[in-house]
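A note on names: the letters A, B, ... follow the listed sequences, proteins ahead of strands, and every chain is numbered from 1.
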Number of protein chains: 2
Amino acid sequence: MTLKDLARELGVSTATVSNAFNRPDQLSPKLRERILAEAKRLGYRGPDAKARSLRTGRSRIIAVILAESLTYSLNDAVSSEFLSGVAEVLDTQGHTLLLLSARQAKCQIVDSASMADGFIVYGLMPSDELFDSLPLNASLVAVDFNVSGHPSVHVNNEPACFEIADRALTISPRQRPAIINLRLTREPCNGRIDPDYALLPPERTITRSRLSGYHRALAKHGFAAERVPMWNVEENTFEVCAPVIEEILDQPDGERPDLLLCMSDRTALTALTLAERRGLRIPEDISLIGFDGIAEGQFRAPRLTTVRQESGEKGRLAARMILGLEPAHSRLLDTQLIPGETCP
Amino acid sequence: MTLKDLARELGVSTATVSNAFNRPDQLSPKLRERILAEAKRLGYRGPDAKARSLRTGRSRIIAVILAESLTYSLNDAVSSEFLSGVAEVLDTQGHTLLLLSARQAKCQIVDSASMADGFIVYGLMPSDELFDSLPLNASLVAVDFNVSGHPSVHVNNEPACFEIADRALTISPRQRPAIINLRLTREPCNGRIDPDYALLPPERTITRSRLSGYHRALAKHGFAAERVPMWNVEENTFEVCAPVIEEILDQPDGERPDLLLCMSDRTALTALTLAERRGLRIPEDISLIGFDGIAEGQFRAPRLTTVRQESGEKGRLAARMILGLEPAHSRLLDTQLIPGETCP
DNA sequence: TTGTAAGCGTTATCAT
DNA sequence: ATGATAACGCTTACAA
């Protein structure tokens, strides 16, 4: 049952039927009424989205390309909150959300790509290859990284990390700080990293800026930043973080770090859980700092000392930019220090 | 830059260019090579998805229609896990995921609807009106409710709730059990509900089956099921649950329930948090039972006593059904009792 | 191996 | 107010 069938059935032109659905003002209410009624009777569900999008060039679909797998992104509090913000805006604007992952087979992304009216790319610069295959003049907003010629949404990672680490070291000085990075190395590495490890370039990952902030604070408090021991985790999940953190905690008293500067709440919470299981006192034996400000860190005792980034707001902003509701220039969002109990 | 342009530029037919992209075996490798090279040079990104989907009738898009708002669904552990399962399968099969909410304006759903190759409807029977406007012979899988003529995926809610409540009442008998329902009443109600409240019909919500299971166990242990006090919450979030739970906990010792049968972990965790804040001992003063088995309930002390449902597996199964990888008949998934410490 | 041509179901621009 | 008609960009018999 197509629009054309319906038109024939009714003895009117296709244009008129189309207008009945799309431009009520273009035909007499009486005729429109009749067309709509007959459509319902014959089981015509309204104009086909595929045909319409071909004809008009717009689909009302906005695609979000996620750096991580969909599985991860949907389970992670930070990216879910981001998506949730995106969805909220799209929703009110009559658009829908197509989820893509940069980890998917390239062809899938490219295939669906030309379907979408715009792209929000989240978390990590996609490969050039992928990037080149997006529609040429598609509207695009980058989140948490920069891409030339398109606006981006960022959070003030470096200053936030400086501030929270500075505060920690000022209030209760520590002897043995350590840093747990998140996917910072050029080659995957789950464990301790030496100072001479090859790191991802700053434009490819926000964890570089967070690291800079921590380093600046450490330097201010007399630590040779490059001497502060660092570990790296490849994925922000309990399963992947746990072995690395066990390795850290396995060290004997006096060698074990007494301050863990983490790149995410997920990592910090994993450390917290594992430390508690060993009977270590928080924050006396080890104090902990996270990043993100996820609910899970605040609904427990001790509450996580962390930096709150408004992931939802990032999503809303990116969505508004894509839809042209917001001027298309890059924005830097503020964060907020949350003084919890894991690092007084 | 279209396929036709490229063909003209190269002096070949559109069919040949199309084949170069879709059916490598239909033309000489040499020519194909030349076409692909030229395409790249001229900035042709491959066949347009909109046009292709119109022509072939398939878009490789699967839509999930969620009962709750996208914002809620993306933040909730249970539905995220479900989506994550769906995404996992779609991913490996070269499909992508379009997220819709039954709460959206109807037109948005209908508009995007004809775009998708199939639908997974999650959580709640959508309105008949919405339902009628889905493509007539679209493939459709229902999750957590039934829709005639289409397969569904369920979890054994009633037996699971019976089992966990029965176990609780057997091991440590209690005097004052109470039930906290989730969106069970026909009219929204956030608070205590009388036995004569009008409830949603069983086919519209799974919480009816959970309630039946609890009631059966209570009856077995000598409680007049309809006398057991019940509360209802309209949304499975801390913010909405908290006032209702405070109302429950506000009751004086001896009147306050000593066993809370909840419909979700989220609700049980909220109760747990609020009870702990008041200095109530868990499980001595109040014991708690949840449903879902979300991670948050197990990564804390005391761990939640609950029923684990494999939400991810529900998603994977639904996705496989939609893609025809699985026979299209309804399935009932098992659950697993998790004996935590909130109800020994 | 390659080309021709007929749609796929709409919408938009003209006429009438 | 309504109708003809030409795209939109592609796929796929079928013909050469």
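In terms of phosphate contacts, A:T2 brings no side-chain nitrogen or oxygen within less than 4.0 Å of OP1 or OP2 of C:dG9. For D:dC8, the OP1/OP2 oxygens have no side-chain nitrogen or oxygen of A:S53 closer than 4.0 Å. Residue B:T16 places no side-chain N or O under 4.0 Å from the OP1 or OP2 atom of C:dT2. A sub-4.0 Å separation between OP1 or OP2 of C:dT11 and a side-chain N or O of A:N22 is present. Note on B:S18: a side-chain N or O is less than 4.0 Å away from OP1 or OP2 of D:dT11. For the OP1/OP2 pair of D:dT12 and a distance below 4.0 Å, the side-chain nitrogens and oxygens of B:T56 include no atom meeting the criterion. Between A:S13 and D:dT2 there is no side-chain polar atom (N or O) within less than 4.0 angstrom of OP1 or OP2.
In this entry the distance linking CG of A:D5 with C1' of C:dT10 reads 13 Å, nearest Å. As a whole-Å value, the separation of A:R34 CZ from D:dA1 C1' is 14 Å.
Between A:F21 and A:Y44, the angle of the ring planes goes over 60°, which puts this pair in the perpendicular group of the 30/60° scheme.
Of the two residues near DNA chain D, A:D25 and A:T14, the one whose nearest nucleotide lies more 5' is A:D25.
When heavy atoms are screened at a 4.0 angstrom cut-off, A:L54 is found touching base atoms of the nucleic acid. Within 4.0 Å (heavy atoms only), A:F21 reaches no atom of the nucleic acid at all.
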